[in-house]
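Data block below; observations after.
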Amino acid sequence: MSNPQDIAGTFQRALSISESGSPHAVLTSPTQSYLAQVGGISLKSTKALKPFSTGDIKILLLENVNSTAINIFKNQGYQVEFYKTSLPEDELIEKIKDVHAIGIRSKTKLTSKILQHAKNLVTVGCFCIGTNQVDLEYAGKAGIAVFNSPFSNSRSVAELVIAEIITLARQLGDRSIEMHTGTWNKVSAKCWEIRGKTLGIVGYGHIGSQLSVLAESMGMNVIYYDVTMIMALGNSKQVDTLDDLLQRADFVTLHVPATAETKNLLSTPQFAAMKDGAYVINASRGTVIDIPALIEAMKAGKIAGAALDVYPHEPAKNGEGLFSNELNGFAEELCSLRNVILTPHIGGSTEEAQSAIGIEVATSLTKYINEGNSIGAVNFPEVSLRDLDLDQENSVRVLYIHQNVPGVLKTVNNILSNHNIEKQFTDSRGDVAYLMADISEVDQTDIKSLYEQLEQTPYKIATRLLY
């Protein structure tokens, strides 16, 4: 197997520079910018582990990733290339060949076709909740750790849903459109307060549970359905089946990932099971609602209103005329319906959320590049070791990603056996395993020898040594 994440070039340059006596050979002293970004580690107790000039690390950021991430990467000394939009596939393939990390949001698709060209890629940052835009299995087997931000925009999405519930209940979207066209239409028929109504939440994770608390505070009764048993917050109640929720809820809101099981989770049978005059909200993924079936249910008067923030196919950039039948065959018909709120995937698009996401994901990528810490990776074994102390001289951190087969640890430990292994941790996830070990009493010659021996092992995916 080729080694797509190897930083062999920068590693070898570090070794050669060290041997030539250059003062920039190995960064063993912590820098203020580095420590500031990884949690305020004391300057007196720990040292930064980076066997490379940080200027050799290239970061590609797409889709207008927040400036907080850019600042973190630049403070590390990394080379940062930034784009406000996604890139066409051919251009992305060319760009990804040389970078060590890439940051994306929801529009960029990192398929196996693209990732196979990423020969230096160590890690991917999804600056959003979802990771379905990345071929996670291929990335994991190639030794590429993928990180996301599962928490940071939860509040923003929950607040949007609350706003949509009220907007649908009062038909505010229609009244606003009418006023913009000069029509005065003061009506109360089929306009409701949300107090006392039942909200059904499908998926009681970070967003669903926050939404539950907000809805209760406004006087709503909350029920929820989830495939796992989850402790209820406040007075909300978990129901046993999706059908139970659909039959009881006045408003149904979806907060589930895009999987084979959730595709068309709401379709004709589910709409038929709902209350007459119920409302549907989707701020999760565009494939979880059968939108043509929703259109028919609304035309029949079964569903009184809907709010959609996500769609099966979404434009790769902002602009006029992009949400059309050419992208989704139902677009024109959907836009013609009354009491339908359509937003362009903005659930997490607030200044607060994007700033927090930038910090969270950029910090995860930095810690993985600089320390090997993979905690929070979505496709990769989660491994971490405590920091090395400054007085631990001649110590090396071994990061060894390999195929999860018997006998590998024996081979690796035989290679490390001439040195003192101070701490070691390994974990596996599917076909991929990840070993971290801190070894001491190592000089420059030993480092080069260790690296070469580990690279020659038969089930190696990628090797990095930090010191």
Practice problem: Look up atom CG in Asp438 and atom OG in Ser395, then write down how far apart they are to the nearest 0.5 Å. | Solution: 7.0 Å
Quiz item: Could you walk me through whether Leu245 and Val252 pass the side-chain contact (heavy atoms from CB on, under 4.5 Å) check?
Solution: CA-CA 8 Å; Leu245 180 141; Val252 175; 4.2 Å; yes
Practice problem: Only pairs at least two apart or in different chains count here, so list each side-chain hydrogen bond (donor to acceptor under 3.5 Å, both in side chains) that has a residue in residues 57-66. | Solution: Glu63-Thr108, Asn66-Thr68
Quiz item: Nearest heavy-atom pair of Leu365 and Phe73: which atoms, and what distance?
Solution: CD1-CZ, 3.8 Å
Quiz item: Which heavy-atom pair separates Ile194 from Met220 by the least distance, and what is that distance?
Solution: O-CG, 3.4 Å
Quiz item: Is it true that the side chains of Ser152 and Glu360 contain a donor and an acceptor less than 3.5 Å apart?
Solution: yes
Self-check item: Set of residues satisfying side chain to side chain donor-acceptor pair (under 3.5 Å) with respect to Ser284, sequence neighbours excluded
Solution: Asn282
Quiz item: Do the side chain of Asp250 and the main chain of Lys197 share a donor and acceptor less than 3.5 angstrom apart?
Solution: no
Exercise. With sequence neighbours excluded, tell me which residues meet ring-ring contact (aromatic ring centres under 6.0 Å, His included) with His345.
Key: none
Exercise. Flag the pair Met436 / Val398 as yes when at least one side-chain heavy-atom distance between them is below 4.5 Å, and no otherwise.
Key: no
Quiz item: Is the closest side-chain heavy-atom distance between Glu216 and Ser236 below 4.5 Å?
Solution: yes
Quiz item: Hey, is the main chain of Gly205 close enough, under 3.5 Å, to the side chain of Ser209 for a donor-acceptor pair?
Solution: yes
Practice problem: List the steps, then state whether side-chain contact (heavy atoms from CB on, under 4.5 Å) holds for Cys128 with Gln133. | Solution: CA-CA 11 Å; Cys128 51; Gln133 66 274 43; 3.4 Å; yes
Quiz item: Can we call the ring centroids of Tyr311 and Phe323 under 6.0 Å apart?
Solution: yes
Exercise. Give, for atom CD1 of Ile102 and atom OG1 of Thr123, the distance between the pair rounded to the nearest 0.5 Å.
Key: 10.5 Å
Self-check item: Residues Glu81, Lys95; criterion salt bridge (Lys or Arg N to Asp or Glu O under 4.0 Å); working and verdict
Solution: CA-CA 10 Å; Glu81 189 172 2; Lys95 290 285 185 185; 2.6 Å; yes
Practice problem: Specify the closest pair of heavy atoms between Gly140 and Phe380, including all atoms of both residues, with the distance to one decimal. | Solution: O-CE1, 4.3 Å
Exercise. Please identify each residue that fulfils side chain to side chain donor-acceptor pair (under 3.5 Å) with Thr259, with sequence neighbours left out.
Key: Glu261, Thr262
Quiz item: Can you list the residues that meet the side-chain contact (heavy atoms from CB on, under 4.5 Å) rule with Glu332, with sequence neighbours excluded?
Solution: Asn325
Self-check item: Ring centers of His402, Tyr400 separated by less than 6.0 Å
Solution: yes
Quiz item: Would a 4.5 Å heavy-atom cut-off, applied to side chains only, mark Lys423 and Arg386 as touching?
Solution: yes
Quiz item: Have Arg285 and Asn132 got a donor and an acceptor in their side chains that come within less than 3.5 Å?
Solution: yes
Quiz item: What pairs with Ala293 under side-chain contact (heavy atoms from CB on, under 4.5 Å), at least two apart in sequence or on another chain?
Solution: Ser267, Thr268, Phe271, Asp290
Quiz item: Which is it for Leu121 and His100 under the side-chain contact (heavy atoms from CB on, under 4.5 Å) test, yes or no, and what are the steps along the way?
Solution: CA-CA 4 Å; Leu121 194 64; His100 301 99; 5.9 Å; no
Distance-only check: which donor-acceptor pairs under 3.5 Å involve side-chain atoms of residues 156-168, not counting sequence neighbours?
residue, atom, partner, partner atom, Å
Ser156, OG, Thr350, OG1, 2.6
Glu159, OE2, Arg155, NE, 2.9
Thr167, OG1, Ala163, O, 2.7

Exercise. Using side-chain contact (heavy atoms from CB on, under 4.5 Å) as the criterion, list what pairs up with Pro312, not counting sequence neighbours.
Key: Ile291, Asn328, Phe330
Quiz item: Under 6.0 Å from the OH atom of Tyr138, do we count more than 12 heavy atoms belonging to anything else shown?
Solution: yes
Quiz item: Within a reach of under 6.0 Å around CD of Glu382, are more than 12 heavy atoms found that belong to other residues, nucleotides or ligands?
Solution: yes
Quiz item: Got a donor-acceptor contact below 3.5 angstrom from the Asn148 side chain to the Thr131 backbone?
Solution: no
Quiz item: Do Phe147 and Val124 have side-chain heavy atoms sitting under 4.5 Å apart?
Solution: no
Quiz item: Hey, does Ile223 have a side-chain heavy atom less than 4.5 Å from the side chain of Thr198?
Solution: yes
Exercise. List the steps and the verdict of side chain to side chain donor-acceptor pair (under 3.5 Å) for Asp135 and Thr111.
Key: CA-CA 5 Å; Asp135 188 329; Thr111 62; over 6 Å; no
Quiz item: Quick one: does Glu371's side chain get under 4.5 Å of Arg397's, heavy atoms only?
Solution: yes
Practice problem: Could you name each residue pair satisfying salt bridge (charged side-chain N to carboxylate O under 4.0 Å, His left out) that touches residues 219-231, not counting sequence neighbours? | Solution: none
Quiz prompt | Spacing of CG belonging to Leu342 relative to CG belonging to Leu337, to within rounding of 0.5 Å | solution = 8.5 Å
Quiz item: To the nearest 0.5 Å, how far apart are CZ in Phe127 and CG in Leu62?
Solution: 10.5 Å
Quiz item: Out of curiosity, Thr426 OG1 to Leu409 CG, how far, rounded to the nearest 0.5 Å?
Solution: 5.0 Å
Quiz item: Are Gln403 and Asp431 close enough that some pair of their side-chain heavy atoms sits under 4.5 Å apart?
Solution: no
Self-check item: Leu92 and Glu89, any side-chain heavy atoms less than 4.5 Å apart
Solution: no
Self-check item: Arg170 to Tyr279, cation-pi by 6.0 Å centre distance and 45° axis angle
Solution: no
Quiz item: Is Lys74 atom NZ crowded by more than 12 heavy atoms from other residues, nucleotides or ligands, each under 6.0 Å away?
Solution: no
Quiz item: Excluding sequence neighbours, so at least two apart, what forms side chain to side chain donor-acceptor pair (under 3.5 Å) with Ser212?
Solution: Tyr204
Self-check item: Heavy-atom closest pair, residues Val432 and Ile401
Solution: CG1-CG2, 3.8 Å
Exercise. Mind running side chain to side chain donor-acceptor pair (under 3.5 Å) on Thr366 and Gln76 for me, showing each step along the way?
Key: CA-CA 8 Å; Thr366 298; Gln76 290 295 312; 5.1 Å; no
Quiz prompt | Closest non-hydrogen atom pair, Gln79 against Asp56 | solution = NE2-CA, 4.2 Å
Self-check item: Reported CD1-to-CD1 distance for the pair Ile357 and Ile129, which is rounded to 0.5 angstrom
Solution: 7.0 Å
Quiz item: How would you list, by chain and number, every residue that makes a side chain to side chain donor-acceptor pair (under 3.5 Å) with Lys84, sequence neighbours excluded?
Solution: none
Quiz item: Which pair of heavy atoms, one from Leu466 and one from Asn370, lies closest together, and at what distance?
Solution: CD1-O, 3.1 Å
Quiz item: Tell me the salt bridge (charged side-chain N to carboxylate O under 4.0 Å, His left out) pairs involving residues 230-248, sequence neighbours left out?
Solution: Asp244-Arg248
Exercise. Show your working on side-chain contact (heavy atoms from CB on, under 4.5 Å) between Val222 and Val213 and close with a plain yes or no.
Key: CA-CA 9 Å; Val222 177; Val213 173; over 6 Å; no
